[in-house]
Amino acid sequence: MKRTHTCGALTDQHIGQTANLCGWVDSIRDHGGITFIDIRDRAGLTQLVFNPENDQALAERASRLKPESVIGVHGEVRPRPAETVNPRLPTGAIEVVGRELEIFNISDTPPFPIDDAKGDKVNEDLRLTHRYLDLRRPRLRKAMEVRHKASKTVREVLDEEGFYEIETPFLFKSTPEGAREYLVPSRLNPGEFYALTQSPQQFKQMLMVAGMERYYQMARCFRDEDLRSDRQPEFTQVDLEMSFIDREDMYALIEKLVARVWKEVLDIDIPTPFPRMPYAEVMNRYGIDKPDTRFGMELVDVGEIFGETEFKVFRGVLDKGGAIKAFNAKGLADLTQGELTNLTEIAQSLGAKGLAFIKADKGQWKSPILKFFTDAEKAALAEVLEIEDGDMVFFAADQWTRACTILGRIRLEAANLLKKRERLTIAPDAYNFLWVVEFPLLIYEEEEQRFVAAHHPFTAPVPEDIDLLQKDPKAVRGQHYDLVLNGVELGGGSIRVHQPDLQKTLFEDIFAIPPETVQERFGYMLKSFRYGAPPHGGIALGFDRMVAILTGTTSIRDVIAFPKTQKGQCLMTDSPGPVTDRQLRDLHIQTLVQED
RNA sequence: GGGGUAGUAGCUCAGUUGGUUAGAGCGCCUGCCUGUCACGCAGGAGGUCGCGAGUUCGAGUCUCGUCUAUCCCGCCA
């Protein structure tokens, strides 16, 4: 039986017509005589009626079906009796009277309910083992649709903007700086290995040297790092690179791209341009480089208030040039002892000695450190932090970065506690995009006693800071930009170095990589830059994270058809798995693990 | 590598201070039922309490170890 309509398509417009529907049995309601079957396909649900008065044998066959079986039904569309119309269903005004029934496949009883509400509560490992059943649930089906629409829109916009979609190799060579890589033994080159690309970074720059001018790719990337709810070993980036552009061009393009995706998928108008904030400011105000700006409780520098303090802890930090930061967790004075202990432990894990606080409770302030504060200091605190009864204020006194980082983390934890108490609500359709700009180009690595790239070694310095490279490397800002959305790092990129001499200086003088190593790893790149490299820059957006936000989930596993568990396994196919000795021999490798 | 949470029927969970035969809802099976849509009613089957040790007269419950999933730290240029 060939289908003529989908299960979502039939409405009262089709009354009187015949139709062939194919799909899965969603539910069976056998009344002894009359039997109703909901048939489901990708598009929706339609009620089938089988009446023994019409065809006794057919009605009996229908009533013996099992849920999730696949059937085809021929019948006519008719209106439901007025009092039995179901307004909760798009197809609730009609039903299809079954005349013929073809059973394509009888289903075993599924191991878990194929149902959004119940399915969401089922253990994820069971769902992943039977992912083909999990994906039947409307929520996941919808996620796949959103993912498709988003990638389609990305392709449309970038096509309009003159980009070529170009594929680059997955099999690359190992580049030990950066993420741990998946290695692939080379059969034809004994003892040598490919590495799967952790991103197409070097290839896309070569495409610019090659004169492609505008490249993009829905690029699969591979990183052998530990997993998180927003990190999978293979994931997808919207990867692109452009020649002859500056940062402003990039902001405009990505704002256009993102706004179109939100419009196409959610029918929401995202205001552009997006706000921009320098790295130093986001750290000062939010204590994190990917701030969630959907709520306030911003960090405040209270160092000036305590300029004359005799409180040893603050005095010591200020004398060493550190910072005293504070923020007001509005309405969190009823924090429990357990919650406070938990916050303190988090602060300590980030290097704090403790977590100082002031609780404004029933008209008075309570705090172990209150006795060290003068009345003037208290008054000043009350003013800048807008302390009211019921508030909880946290402090961090440390070197600037650490003080910000500690409170930035506590701010997020406090927000979660307030959400639980329903004192902080964030609109589900709040999308706070933000460009974070002017990152430092370099970070000093204490362990290795050298500078490393804050992002990657191909990021160009801000032109007016180039002179500082030798004099004051810490002060050099990079032409890097991060796109942040609701506290999630959605992507990042930069204007690249395109001058061979500058790139060589960065590698050898600043990052202190031995010249032989530079030659081995990046020699081809430096060489290419001597043959007419255009100024260029690019960006990569985390596509899985974008779709997760579009579908309102926090786990990218919900938007990847076949994701892996935290141990990197696919429970459906049971991979990875062992290989034969013969395979290992062909690849010239041995394992040190003995099979049981 | 480290910390937290969870693991009891096919699924979701309850199980008191360690004490008789481990329960519920859903699902499944059987029967009844002609307008339901989470159909209803009656009955029934279904358990290696993740696994392994230990303590104890006695362990789902306590201890240790271990496995799996998940959240987080480290890690992710």
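These numbers come from the heavy atoms of this one structure, side chains and all, not from hydrogens, waters or symmetry mates.
- Listed by residue number, the members of residues 128-140 of chain A with any heavy atom below 4.0 angstrom from RNA chain B form an empty set.
- Remark: the A:E225 side chain and the B:G74 base include no donor-acceptor N/O pair separated by less than 3.5 Å.
- A donor N or O paired with an acceptor N or O is found under 3.5 Å between the base of B:C76 and the side-chain atoms of A:R231.
- If you take atom C1' in B:C29 and the same atom in B:G10, they sit 13 Å apart, rounded to whole Å.
- Rounded to whole Å, atom C1' of B:C76 lies 14 Å from atom CG of A:D482.
- Among the heavy atoms of the strands lying under 4.0 Å from A:R78 is at least one base atom, whether or not backbone atoms are also near.
- Annotation: ring pair (Phe, Tyr, Trp, His ring centres under 6.0 Å) contacts of A:F458 (sequence neighbours excluded): A:H456, A:F522.
- Within 4.0 Å of A:T35, counting heavy atoms only, lies no atom of the nucleic acid at all.
- Judged by ring centres under 5.5 Å apart and planes tilted less than 30 degrees, A:F112 fails to stack against the six-membered base ring of B:C11.
- When distances are taken from the side chain of A:Q47 to each of B:C71, B:C39, B:G35, the shortest belongs to B:G35.
- Near RNA chain B, meaning a heavy atom under 4.0 Å away, there are no residues from residues 346-353 of chain A.
- Nucleotide B:U12: paired with B:A24 (Watson-Crick or G-U wobble, both distances less than 3.5 Å).
- Per the geometry, CZ belonging to A:R64 stands 15 Å off C1' belonging to B:C29, to the nearest Å.
- Between the base of B:C37 and the side chain of A:R80 there is a donor-acceptor pair shorter than 3.5 Å.
- The partner of B:U36 cannot be assigned: no Watson-Crick or G-U wobble pair with both contacts below 3.5 Å exists in any strand.
- In this model, no side-chain donor or acceptor of A:R180 finds a partner on the base of B:G74 within 3.5 Å.
- Across all strands shown, A:E53 has heavy atoms under 4.0 Å from base atoms, whether or not it also approaches the sugar-phosphate.
- Between the C1' atoms of B:C57 and B:C41, the separation comes to 48 Å (whole Å).
- Scanning for ring pair (Phe, Tyr, Trp, His ring centres under 6.0 Å) contacts around A:Y279 gives A:F439, with sequence neighbours left out.
- Atom name P, nucleotides B:U61 and B:G52: the rounded distance is 13 Å, in whole Å.
- Using N1 to N3 plus N6-O4 or O6-N4 for Watson-Crick, or N1-O2 and O6-N3 for G-U wobble, each under 3.5 Å, B:U68 pairs with B:A6.
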Please list each protein N or O that sits under 3.5 Å from an N or O in nucleotides 13-15 of chain B, with the distance.
none

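- Taking atom CZ of residue A:F222 and atom C1' of nucleotide B:C76, one finds them 16 Å apart after rounding to whole Å.
- The distance between atom CD of A:E68 and atom C1' of B:C11, rounded to the nearest whole Å, is 14 Å.
- Side chains of A:E181 and A:T175: a donor-acceptor N/O pair is present below 3.5 angstrom, by distance only.
- A:L126 places its CG atom 12 Å from the C1' atom of B:U12, with the value rounded to the nearest Å.
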I'd like a table of atom pairs between the protein and nucleotides 25-28 of chain B - only N or O on both sides, under 3.5 Å - with the distance next to each one.
{"from": "B:C26", "atom 1": "O2'", "to": "A:K118", "atom 2": "NZ", "distance (Å)": "3.4"}

